[in-house]
There are 2 protein chains.
Amino acid sequence: MDGKKSSGGDPARSVALLWGSHTKAGRSGLTVRAIVEAALGIAGAEGLDALSMRRVAERLGVGTMSLYTHVPGKTELTDLMIDTAYGQLYDDVDAPASQPGGWRGAMEFVAARNWDLYLRHPWMLQIVTARPVVGPNASLKYEAELRPLEGIGLSDIEMDSVLTLILTHVEGTARVRASLEQVQQNTGMSETEWWLASAPALEKVMDASRFPVASRVGQAAGQAHNGATDPAHALDFGLARILDGVAALIARR
Amino acid sequence: MDGKKSSGGDPARSVALLWGSHTKAGRSGLTVRAIVEAALGIAGAEGLDALSMRRVAERLGVGTMSLYTHVPGKTELTDLMIDTAYGQLYDDVDAPASQPGGWRGAMEFVAARNWDLYLRHPWMLQIVTARPVVGPNASLKYEAELRPLEGIGLSDIEMDSVLTLILTHVEGTARVRASLEQVQQNTGMSETEWWLASAPALEKVMDASRFPVASRVGQAAGQAHNGATDPAHALDFGLARILDGVAALIARR
DNA sequence: TCGTGTTCCGTACGATGTACCGTACAGAGT
DNA sequence: ACTCTGTACGGTACATCGTACGGAACACGA
């Protein structure tokens, strides 16, 4: 129920592992790349809860402990998974910068791509990255996402801050989205079904007059969104506000 | 390493548990309230990883399985922990609304209080709340945080969206903060120490000229923040941008 | 041919959440 | 006062996890 740790071991070893070629095979053909891909397959198909070293080994037809010859531990494996997923984001470092609509269009593109990323890899949202993974693809991602902010009147620090703000927004919203979907899958109930199931019990116990604003707004939002929250709407609304705020910062110069 | 689940059982039972009095004691004096407090004590002192049903029972001098008489499972226990933590946020429903500085001052207050909440209860950030906990204190929190947005020119739905945006920002930033602190605690290295430990390995393997913008901006941000990221700065910067964006939305009317 | 180092992996340990089921007690009914 | 019954308590057991340990099997340079 809580977050699993990440990045506990030797930094130098982790860095070397992330930036290595991943193709050196032993006598059973076992490769770091193969291990990572198997892990991605499991996490993608059955979620992070289903990901265990035993399952990975099983999928590769290999003893469980053989994995530890190539990978220090599960922590480092997930780091590799994350960086691999990042690699699917942009096929070109200048993809965001060459988007129409200036820096704003570029940032909308960045947000959309990250949103898609979490949609395709919801397990990423369950990993508590104790430290940002500095792999090759993560570095490329950072470069690609910073470039459109170059030369528009922001200081270096502001460029970093703006990007962080946007990415935090997307990630947080995607986390809500993934949570909703997971419950839907666990309980077999849709968002509205679950709400209807708890409504009678709630009404019996909660005095709505104590929460006048909350009940009115909650009701309105619930009806508009077909459920308590609509992550897709939250993404767009939030991004629009954020970009307006950034535009105001730039205009102030 | 991944997020633990939440809210898997019967909705009605969960609601009743959350809104109940928590004082009915059996013959050994065991209470839902006592269980929740013990759990909060463990999570607060040693983190969520240290929280187990056995540890809670041990702390209460009680058999492990006795807990299950009062609480359906660990999932519901964490739900109760969360709602209890929410109870410490505002001592008055009108605390945010009666803050100086209008709606903007109120939202800054709300953000600061939530920031403090996660600072005091970092374990909350590790729980994957599969569904927002609708307990009494969560409801009060929602009401208190919505009130300052009343009557300033936003629709009901926009009120909800604005609040969600702010809370998502605070939570996401707090998550980064908690992650950094946890690594610091796990590895015994400070932010800068860890970075210095991986720097030589990174330089050996990463060609900085491939990431011109990233390395320049990263360097600048790293120096300004005494580490790769400065969550406190990210909080303030992001909140300022967001509130500017909201102000622009209101002004547009 | 013989070290010698690397890769593979079977076994085992200490955790975890909780299902199951027996036991023991508190309070109601007589 | 005595029995009956429902609830609270908790011991044991199971499946699962990450991984430490150490032996076996192989590749390869000398």
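First the proteins, then the strands, lettered A, B, ... as listed; each starts at 1.
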Rounding to an integer number of Å, can you tell me how far [X] [atom1] sits from [N] [atom2]?
| X | N | atom1 | atom2 | value |
| --- | --- | --- | --- | --- |
| A:Leu67 | C:dG10 | CG | P | 12 Å |
| B:Leu60 | D:dA8 | CG | C1' | 15 Å |
| B:Ile35 | D:dC9 | CD1 | C1' | 12 Å |
| A:Glu58 | C:dC9 | CD | P | 14 Å |
| B:His70 | D:dG10 | NE2 | C1' | 12 Å |
| B:Leu30 | C:dC25 | CG | C1' | 15 Å |

Quiz item: Between A:Arg55 and A:Glu46, is the closest basic N to carboxylate O distance under 4.0 Å?
Solution: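 So A:Glu46 pairs with A:Arg55 through a salt bridge.
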Quiz item: Looking at residues at least two apart in the chain, or sitting in another chain, which of them share a side chain to side chain donor-acceptor pair (under 3.5 Å) with B:Tyr118?
Solution: none
Quiz item: With sequence neighbours left out, what residues match B:His22 under ring pair (Phe, Tyr, Trp, His ring centres under 6.0 Å)?
Solution: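 For B:His22, no residue satisfies ring pair (Phe, Tyr, Trp, His ring centres under 6.0 Å) once neighbours in sequence are set aside.
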Practice problem: Tell me yes or no: between the side chains of B:Gln184 and B:Glu193, is some donor less than 3.5 Å from an acceptor? | Solution: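 No pair is found: no donor N or O on one side chain lies under 3.5 Å from an acceptor on the other.
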Practice problem: Indicate whether the side chain of B:Asn137 and that of B:Gln88 have a donor and an acceptor atom separated by less than 3.5 Å. | Solution: no
Quiz item: For the ring pair A:His169 and B:His169, is the centre-to-centre distance below 6.0 Å?
Solution: no
Quiz item: Just by protein heavy atoms under 4.0 Å, how would nucleotides 16-23 of chain D read 5' to 3' in B, S and -?
Solution: -BBBBB--
Quiz item: D:dG10 phosphate, OP1 or OP2: any side-chain N/O from B:Ser66 under 4.0 angstrom?
Solution: yes
